[in-house]
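I have placed the structure first, in the form of structure tokens, so that the comments after it can refer back to it.
In listed order, ligands and their atoms are each counted from 1.
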Amino acid sequence: MYTGSCLCGAVRYEIHGQVDRTSKCWCKMCQKQHGAAFGPYANVAASALQWVQGTDAITRYASSAGVERAFCKVCGSNLTWQSVIQRDRIAVTLGTFDTPYEGQVVHDLHLESKPGWLP
Ligand SMILES: [Zn+2]
Ligand SMILES: [Zn+2]
């Protein structure tokens, strides 16, 4: 089981299940949303993710057709990325994990937009 929370602590979640796939997404939209070189995600079954606190603080933004990004409206922490045509899976941001994730992040997505300022 993994636990996670946003920066201000309003939103808390638990993941009851396996992390099947982790990725760093270097796409321009993830860079904008995270204000960083990439967005780090853990892909889990949507049924494994349980919001345990603060669902009223969660806001969703459709960054493109068919994609929903959830974040805390109080502190701005990015929480999840989900395809609306594949609701059974959800990508949870690794940076909001409170339980350390001990695995490796092996998948790189959209490396074509990796910024030159990152070594
Ligand atoms: Zn927050
Ligand atoms: Zn992305």
Side-chain angles (χ1 to χ4, degrees):
M1 202 256 284
Y2 294 95
T3 62
S5 58
C6 65
L7 176 60
C8 74
V11 181
R12 297 192 175 280
Y13 63 82
E14 295 176 353
I15 298 170
H16 295 268
Q18 197 177 321
V19 169
D20 295 321
R21 186 178 196 270
T22 51
S23 63
K24 287 178 278 185
C25 185
W26 303 83
C27 83
K28 292 302 252 179
M29 286 182 280
C30 284
Q31 288 176 0
K32 288 280 188 188
Q33 190 192 19
H34 294 264
F38 59 84
Y41 299 103
N43 193 300
V44 303
S47 58
L49 175 65
Q50 290 175 15
W51 301 108
V52 294
Q53 183 185 296
T55 49
D56 55 334
I58 298 171
T59 295
R60 290 180 174 79
Y61 172 66
S63 54
S64 55
V67 168
E68 250 180 31
R69 296 168 183 267
F71 58 96
C72 173
K73 69 182 177 189
V74 179
C75 68
S77 287
N78 304 312
L79 297 164
T80 61
W81 181 104
Q82 189 174 36
S83 164
V84 299
I85 56 168
Q86 203 192 353
R87 286 276 188 196
D88 59 323
R89 306 295 305 175
I90 192 161
V92 184
T93 52
L94 274 175
T96 60
F97 274 37
D98 291 319
T99 309
Y101 177 70
E102 305 288 355
Q104 296 283 313
V105 178
V106 285
H107 297 281
D108 285 291
L109 309 172
H110 299 287
L111 270 173
E112 71 277 4
S113 42
K114 182 177 177 176
W117 47 260
L118 195 73

Fill in: Metal site the Zn ion (ligand 2): N/O/S of H110 inside 2.8 Å
no
Item to complete: Could you check whether the rings of F97 and Y13 sit parallel, tilted or perpendicular, using 30° and 60° as the cut-offs?
Response: perpendicular
Worksheet item: Among L49, V92, V11, which residue meets the side-chain contact (heavy atoms from CB on, under 4.5 Å) test with L79?
Response: V11
Fill in: Metal site angle (apex the Zn ion (ligand 2)), SG from C25 and SG from C30, 10 degrees
120°
Fill in: K114 with D108: basic N within carboxylate O range, under 4.0 Å
no
Practice prompt. Give a rough value, rounded to 10 degrees, for the angle at the Zn ion (ligand 1) between atoms SG of C75 and SG of C8.
Written response: 110°
Discussion item. Ring-plane angle category for Y41 and H34, please: parallel below 30°, perpendicular beyond 60°, tilted otherwise.
Written reply: perpendicular
Worksheet item: Angle at the Zn ion (ligand 1) between SG of C72 and SG of C6, to 10°?
Response: 110°
